[in-house]
Amino acid sequence: MVIPGNILYALSALTKKGYEAYLVGGCVRDMIMGKTPSDFDITTNALPEEIINCFPDKKCVLSGMKHGTVAPIIKGEAIEITTYRIDGEYKDSRHPEEVYFTKKIEEDLSRRDFTVNAMAMDESFNITDPFSGKADIENGIIRCVGDAEKRFTEDALRIMRALRFSSVLGFSIEEETKKGISKLFPLLSNIARERIFTELKKLLAGTDAPCILAEFKDVFLFIMPHLENVAEEKYIDNVKRIKGCDTAISFAILFDGLITDDARAVLNSLKTDRLLKDTVIRLMEDKNADFSDIVKMRYFLKTRNFEDVSRLISFKEALGLMTENEAKASLELLEKTSSSCTKIKELAVSGSDLLSLGISGRKTGEILDALLNLVIEEKCENGKDALINAAKSLGDKC
Ligand code: ATP
Ligand code: MG
């Protein structure tokens, strides 16, 4: 287990001044599991003003100060340090009314969502683990800290987080936690769609996504009601195929059997970004595209780029529309076209070259497109003289 230098620096800046300081949450979980954490969170009994005073020669980001977070910039990185906190009463399954600082690490750990996320580790790797998170990691279990129903009622996003961690870590969900999810998932209507989507995206990338999507179908139908329009068996078949795919492919697989309007409605309701939405819809529309020989592949590339086609091949393979060998052959074909001209802008002539032949206006586009088709079909080489000659005869015919 390695703690990065700037994190160690932050921990010891606090402990040198007599405060307690721990790594906490996901980074502790990941280190215990032998994974490299994506980020490191530090918690301390120092109050925000006191944290600032521990870093006299560092600039501190103070935007999270109201919630107890100060982030000194150490070696170019903002390191988040948060005062031990307990949450006040929750009124809307979303935000606590107030947060309170506390002097006890155990109290801070008790507000955290799951036992595996409720451990703290000091700079000498000693672990504080009041809810047996380490044992739950060893046994592969996601379990709420405290009463599951109460915790999900406080913050319904935890429902999505439980499913996400189960999918990503490959852990099973403990019975009470599971019951809480099945009973309380309608509370997700109180949660911002963007936050649900963030969890869903991570969930879809998890190794256990197929099991979670199958077992908790009710939850997924609740957040994506249009999936009701996919037949039961088809849904189960689809979700089995979502394995380590990128986000767009995963959604396109999940939506297979839906009309694109429904898919678009789901993605709109989840407030996904435009790029993802367009990519998913394009995959769905291109599902039956024919790119079985080099000319067809080039024609297809007139309106698509290399990544689109390579993603489409993975999508078709995941759906079982292509065998592994067929997908490999299509990728090789795609590679072969990388030196081909498939776009008007790649032609050796442009509109201004056509002007000297008396071709202008709307005609220009038509002739350039016809020239591109000739090049694609290898009826004309992509050289200026050859294309000008071809343009002349095309111009004469028009
Ligand atoms: P990741 O690897 O995705 O970053 P993480 O466990 O670090 O996973 P974060 O969202 O970064 O998740 O949150 C950091 C920690 O804050 C969690 O480990 C958990 O202890 C606590 N936490 C986050 N969200 C909640 C929540 N909704 N309810 C309770 N505790 C939470
Ligand atoms: Mg994290």
Side-chain angles (χ1 to χ4, degrees), residues 3-4 7 22-44 64 67-69 71 77-97 99-100 102 105-121 127-134 136-137 141-171 177 180-181 184-185 187-188 190-192 194-209 247:
I3 303 174
I7 304 292
Y22 295 94
L23 294 174
V24 71
C27 63
V28 178
R29 177 198 70 225
D30 289 344
M31 282 197 285
I32 291 175
M33 292 182 73
K35 294 186 179 179
T36 307
S38 53
D39 53 3
F40 288 84
D41 293 319
I42 295 176
T43 186
T44 178
H67 301 106
T69 303
E77 195 186 351
I79 310 293
E80 292 206 339
I81 305 175
T82 306
T83 308
Y84 298 162
R85 247 174 54 183
I86 41 177
D87 295 333
E89 210 185 319
Y90 286 78
K91 292 251 163 75
D92 56 1
S93 312
R94 205 168 31 185
H95 298 301
E97 292 293 294
V99 296
Y100 304 95
T102 163
I105 179 69
E106 287 78 8
E107 286 186 347
D108 179 284
L109 295 175
S110 72
R111 75 171 165 91
R112 294 176 183 271
D113 46 9
F114 308 110
T115 59
V116 296
N117 289 344
M119 289 179 278
M121 183 191 267
I127 292 175
T128 304
D129 179 18
F131 306 104
S132 305
K134 198 156 179 264
D136 280 345
I137 288 183
I141 293 172
I142 297 298
R143 182 198 311 270
C144 281
V145 170
D147 180 75
E149 287 197 16
K150 178 165 175 277
R151 303 311 307 283
F152 290 140
T153 308
E154 284 172 355
D155 177 2
L157 185 69
R158 291 173 188 153
I159 292 173
M160 289 306 294
R161 285 176 59 88
L163 301 178
R164 185 258 281 199
F165 285 117
S166 171
S167 169
V168 171
L169 302 175
F171 286 9
T177 305
I181 294 173
L184 298 170
F185 67 81
L187 291 177
L188 281 168
N190 297 327
I191 302 294
E194 295 88 336
R195 301 183 74 202
I196 293 180
F197 172 66
T198 302
E199 294 300 330
L200 180 60
K201 201 160 70 166
K202 292 183 184 173
L203 186 160
L204 289 174
T207 46
D208 271 9
T247 307

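Note that this is a predicted model, so its numbers are computed, not measured. Residue numbers run from 1 in the order of the sequence given. Order of appearance sets the numbers: ligands from 1, and atoms from 1 within every ligand.
Across every non-hydrogen atom of F40 and P4, the tightest pair is CZ-CD, 3.4 Å. Smallest separation of non-hydrogen atoms from R158 and F114: O-CZ, 3.3 Å. For L184 against E149, the heavy-atom pair with the smallest separation is CD1-O, 3.4 Å. Between I32 and I127, the shortest heavy-atom contact is CD1-CD1, 3.6 Å. Of all non-hydrogen atoms in I141 and V116, the two that sit nearest each other are O-CG1, 3.6 Å.
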If you apply the rule salt bridge (Lys or Arg N to Asp or Glu O under 4.0 Å), what do you find for R143 with D136, and how did you get there? CA-CA 8 Å; R143 182 198 311 270; D136 280 345; 2.9 Å; yes
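Under 3.5 Å, the side chains of T43 and T82 contain no donor-acceptor pair of N or O atoms.
For the Mg ion (ligand 2), protein N, O or S atoms under 2.8 Å: 1 in total.
With respect to the salt-bridge test (charged N to carboxylate O, under 4.0 angstrom), the residues D113 and R161 qualify. The residues E154 and K150 are annotated as salt-bridged, a charged nitrogen and a carboxylate oxygen being separated by less than 4.0 angstrom.
Using a heavy-atom distance under 4.0 Å as the criterion, the protein contacts of ligand 1 are G25, G26, R29, S38, D39, D41, R111, R112, D113, N117, D155, R158, R161, R164, F165, K202.
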